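Take a look at the structure below.
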Amino acid sequence: MFSFKHEWIEKNVGLLAVATMLAISVGGLVEITPLFFIRNTVEPVDGVRPYTPLELRGRDIYQREGCYLCHSQMIRPFRDEALRYGHYSLAAESQYDHPFQWGSKRTGPDLARVGKKYSNEWHVQHLLAPRSVVPESVMPNYPWLLSTPLQYADIADRMKALREAGVPYSLTRAEYERNVKKFGPKVAEELSIPDAKENLIKQAQEGDYDGDRSNITEMDALVAYLQMLGTLVDFSKYDNDHFVKDR
Ligand code: HEC
């Protein structure tokens with residue numbers, strides 16, 4: 001009796017179409033409806049914050065130069081990836097990236113956790129002439145980064161644009177206070193749009209990323225960006241309990 005019914009459906013194109021649509025609709029509703037009832041699909045993680053003004057300009061240069069064409073920024077949750085690059089990437093770590101830099105092309109290594117792996121001097125030398133530090137490298141030279149002054153006249157507008165996209169840069173006092181609560185006073189200060197220029201100059205001078213404090217170059221911004229990648233979350237908190245045990 002049962003097999004007879006099945007054959008009957010398969011031989012009726014109309015009935016098969018209706019039954020297929022019904023199956024897909026139920027599956028779709030079960031998968032999609034819950035998404036309308038949660039505010040955020042990204043699990044919040046301690047330490048994750050938006051970029052400082054200088055890092056943000058560094059990220060712009062990273063995109064302008066097409067670094068993403070050879071470098072991904074997403075460590076996949078596989079053992080070989082974790083052994084080479086560290087803890088797999090969390091959704092929260094690219095929460096404030098517009099657009100994200102996950103990528104799928106790896107002519108060079110993944111950069112999601114390259115921050116603090118090398119010194120500033122190494123990065124400057126490597127960007128000027130990759131083959132002077134890694135002889136077999138196929139990465140292009142980027143000598144102009146060190147001689148081009150960083151443009152940051154429009155930094156407030158760039159942050160305002162990201163604010164529209166939901167990045168919590170603060171424009172009003174109330175937003176500033178909200179950031180103090182969420183990120184602490186030090187980070188809140190960095191996220192303040194009215195103070196962006198001042199903060200950018202301060203970070204570039206204190207960080208001394210390109211080895212020359214007398215002017216702020218594109219190299220300063222790019223190295224500041226590279227040096228923070230993957231450094232926001234303290235994985236030692238999680239590694240011992242979960243990650244190392246489970247892999
Ligand atoms: C044509 C492909 C290509 C492009 C474009 C490229 N890279 Fe690379 N990159 C590589 C390769 C290959 C390596 C590995 C050899 C080496 O260290 O030079 C590398 C290595 C690196 C490393 C060292 C990573 C590590 O963990 O050792 C950094 C940092 C880096 N690139 C940054 C950049 C930045 C920033 C840009 C854009 C300004 C860029 N790359 C553009 C191919 C590329």
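No experiment lies behind these values; they were computed from the predicted model shown. Just follow the structure's listing: the first ligand is 1, and inside any ligand the first atom is 1. Starting from 1, each residue takes its place in the sequence as its number.
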Item to check | Ligand-side contact atoms (ligand 1) for residue partner Val138, heavy atom cut-off under 4.0 Å | outcome: 1 (C), 12 (C)

Checklist entry - So His126 and Trp122, would you call those rings parallel, tilted or perpendicular, with 30° and 60° as cut-offs? => result parallel

Item to check | Ionic contact status for Glu81 with Arg106, cut-off 4.0 Å | outcome: yes

Checklist entry - Protein N/O/S atoms under 2.8 Å from atom 8 (Fe) of ligand 1: how many? => result 2

Checklist entry - Would one find more than 12 heavy atoms of other residues, nucleotides or ligands at under 6.0 Å from atom CG of Asp80? => result yes

Checklist entry - Which of the atoms in ligand 1, numbered in the order shown and given with their element, are less than 4.0 Å from a heavy-atom of Lys117? => result 25 (C), 26 (O), 27 (O)

Item to check | Intermediate values then yes/no, side chain to side chain contact (heavy atoms under 4.5 Å, CB included), Arg76 and Tyr85 | outcome: CA-CA 10 Å; Arg76 275 69 168 166; Tyr85 299 118; over 6 Å; no

Next on the checklist: Salt bridge check, Lys186 against Glu190: does any charged N sit closer than 4.0 Å to a carboxylate O?
Outcome noted: no

Checklist entry - Relative to each other, are the rings of His123 and Tyr118 parallel, tilted or perpendicular (30° and 60° limits)? => result perpendicular

Checklist entry - So does Asp97 pair up with Arg59, basic N to acidic O under 4.0 Å? => result yes

Item to check | Heavy-atom proximity to atom 5 (C) of ligand 1, best of Trp122, Tyr62, Tyr142 | outcome: Tyr142

Checklist outcome for this item: Honestly, for Val133 the part within reach of ligand 1 (heavy atoms, under 4.0 Å) is neither

Checklist entry - Only one of Leu226, Leu146, Asn141 clears side chain to side chain contact (heavy atoms under 4.5 Å, CB included) with Leu127; which? => result Leu226

Item to check | Close-contact set for ligand 1 against Leu127 heavy atoms, below 4.0 Å | outcome: 34 (C), 35 (C)

Item to check | For Tyr118, atoms of ligand 1 separated by under 4.0 Å from a heavy atom | outcome: 25 (C), 26 (O), 27 (O)

Checklist entry - Can we say Glu175 and Lys182 salt-bridge, meaning some charged N sits less than 4.0 Å from an Asp/Glu carboxylate O? => result no

Next on the checklist: Out of all atoms in ligand 1, which are within 4.0 Å of some heavy atom of His123? Include the element for each.
Outcome noted: 29 (C)

